[in-house]
Enquirer: 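Before anything else, here's the structure in question.
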Amino acid sequence: MEERQIICTACPVGCRLIVKLDAGQVLSIAGNRCQRGVTYGRQEALAPQRMVASTVRVVNGFHPLLPVYTNGTVPKAKIPEVLAEIRKVELTAPVKYKSVVIPNVLGTGVDVIASRDMPAI
């Protein structure tokens, strides 16, 4: 049996979760003050997910880089691959806020989107 200690980030409280695992199955989760802690603990122990934020190059833009982020979570193990895909992108200004920069990145069902407007110069 394995025991993992995880700090929950599902809400501002930051509970210290104790997740007990056996053969890849969650046996119990303790230390949570709300139901979101149970969901977060199970997800984090079995298949951690994260949102990704980065920048892409912009040609003819007011700034040379445009901040982007994923509109959902991707598997933590795929983050380096997602960042590699983001680094390949070069946009031409103008770009509108929440424009899809990379649809369905790596087949995850998650889009990379612009987090601000980028006017042309």
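Below, all heavy atoms of this structure are taken into account, side chains as well, without hydrogens, waters or symmetry copies.
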Enquirer: Taking the side chain as every heavy atom from C-beta outward, state whether Val101 and Leu91 have any pair of such atoms under 4.5 Å apart.
Expert: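 A side-chain contact under 4.5 Å exists here.
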Enquirer: Has Lys20 got more than 12 heavy atoms of other residues, nucleotides or ligands less than 6.0 Å from its NZ?
Expert: no
Enquirer: With the side chain counted from C-beta on, respond yes when Arg116 and His63 share a heavy-atom pair under 4.5 Å apart, and no when they do not.
Expert: yes
Enquirer: What are the two closest heavy atoms between Thr73 and Val110, and how far apart are they?
Expert: O-CG2, 3.4 Å
Enquirer: Would you say Val100 and Ile102 are hydrophobically clustered, going by side-chain heavy atoms of ILVMFWY under 4.5 Å?
Expert: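 No, Val100 and Ile102 fall in different hydrophobic clusters.
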Enquirer: Any heavy-atom pair between the side chains of Met1 and Leu21 that's under 4.5 Å?
Expert: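 SC-SC contact between Leu21 and Met1 ruled out.
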Enquirer: Which pair of non-hydrogen atoms, one from Ala114 and one from Val95, has the smallest distance, and what is that distance?
Expert: CB-CG1, 4.1 Å
Enquirer: How about Thr55 and Leu66: do any of their side-chain heavy atoms sit closer than 4.5 Å?
Expert: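 When only atoms from C-beta onward are counted, Leu66 and Thr55 do not touch, as no gap falls below 4.5 Å.
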Enquirer: If every non-hydrogen atom of Thr108 is compared with every non-hydrogen atom of Pro75, which pair is closest and at what distance?
Expert: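 Minimum heavy-atom contact is CG2-CD, 4.4 Å.
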Enquirer: Would you find a donor on one side and an acceptor on the other, under 3.5 Å apart, between the side chain of Thr92 and the backbone of Val59?
Expert: no
Enquirer: Within the structure provided, determine whether Met118 and Pro94 are in side-chain contact (heavy-atom separation under 4.5 Å).
Expert: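 No, side chains not in contact.
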Enquirer: Identify the two heavy atoms, one from Gly31 and one from Cys15, that lie closest to each other, and give their separation to 0.1 Å.
Expert: O-CB, 3.4 Å
Enquirer: Measure the spacing between CZ of Arg16 and SG of Cys8 and express it to the nearest 0.5 Å.
Expert: 12.0 Å
Enquirer: Does Arg33 have more than 12 heavy atoms from other residues, nucleotides or ligands lying within 6.0 Å of its CZ?
Expert: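 Counting neighbours around CZ of Arg33, 12 or fewer heavy atoms of other residues, nucleotides or ligands fall under 6.0 Å, so no.
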Enquirer: Rounded to the nearest 0.5 Å, what separates atom CD in Glu81 from atom CD1 in Ile86?
Expert: 12.0 Å
Enquirer: Thr70 side chain to Met51 main-chain N or O, any donor-acceptor pair under 3.5 Å?
Expert: no
Enquirer: Step by step, work out the side-chain contact (heavy atoms from CB on, under 4.5 Å) result for Ile121 and Asn60.
Expert: CA-CA 6 Å; Ile121 55 171; Asn60 196 37; 3.5 Å; yes
Enquirer: Side chains of Ile7 and Leu17: does their closest heavy-atom pair fall under 4.5 Å?
Expert: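 Answer no - side chains too far apart.
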Enquirer: Could you walk me through whether Ile113 and Tyr69 satisfy the side-chain contact (heavy atoms from CB on, under 4.5 Å) test, starting with their C-alpha distance in whole Å, then the side-chain angles of each, then the deciding distance to 0.1 Å, before giving a yes or no?
Expert: CA-CA 6 Å; Ile113 60 175; Tyr69 65 97; 3.3 Å; yes
Enquirer: What verdict does the side-chain contact (heavy atoms from CB on, under 4.5 Å) test give for Leu83 and Val52, after you've listed the backbone C-alpha separation in whole Å, the side-chain angles of each residue and the deciding distance to 0.1 Å?
Expert: CA-CA 8 Å; Leu83 290 171; Val52 177; 3.6 Å; yes
Enquirer: State, to 0.1 Å, how close Lys78 and Leu106 come at their nearest heavy-atom pair, and which atoms those are.
Expert: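 Heavy atoms only, the tightest pair is NZ-O, 3.7 Å.
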Enquirer: Tell me whether the count of non-hydrogen atoms from other residues, nucleotides or ligands lying under 6.0 Å of CD in Gln25 goes above 12.
Expert: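 It does not: Gln25 CD has 12 such atoms or fewer within range.
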Enquirer: Could you tell me if the side chain of Val89 sits less than 4.5 Å from the side chain of Arg57, heavy atoms only?
Expert: no
Enquirer: Under 4.5 Å between any side-chain heavy atoms of Ile79 and Arg50, yes or no?
Expert: yes
Enquirer: Can you check side-chain contact (heavy atoms from CB on, under 4.5 Å) on Val56 and Leu65, steps first, answer last?
Expert: CA-CA 5 Å; Val56 297; Leu65 297 173; over 6 Å; no
Enquirer: Give, for atom CZ of Arg42 and atom CD1 of Ile6, the distance between the pair rounded to the nearest 0.5 Å.
Expert: 11.5 Å
Enquirer: Just by modelled atom types, is the Ala47 backbone N or O under 3.5 Å from a matching donor or acceptor in the Gln43 side chain?
Expert: yes
Enquirer: Heavy atoms only: give me the nearest Tyr40-Ala10 pair and the separation to one decimal.
Expert: CB-CB, 4.1 Å
Enquirer: Check each of Val105, Asp111, Val112 against Asn71 using the side-chain contact (heavy atoms from CB on, under 4.5 Å) test, and report the only one that passes.
Expert: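 Only match with Asn71 under side-chain contact (heavy atoms from CB on, under 4.5 Å): Asp111.
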Enquirer: Before giving the answer on salt bridge (charged side-chain N to carboxylate O under 4.0 Å, His left out), spell out for Glu2 and Arg4 the whole-Å C-alpha distance, their side-chain angles and the decisive distance to 0.1 Å.
Expert: CA-CA 7 Å; Glu2 179 185 0; Arg4 293 187 192 168; 2.9 Å; yes
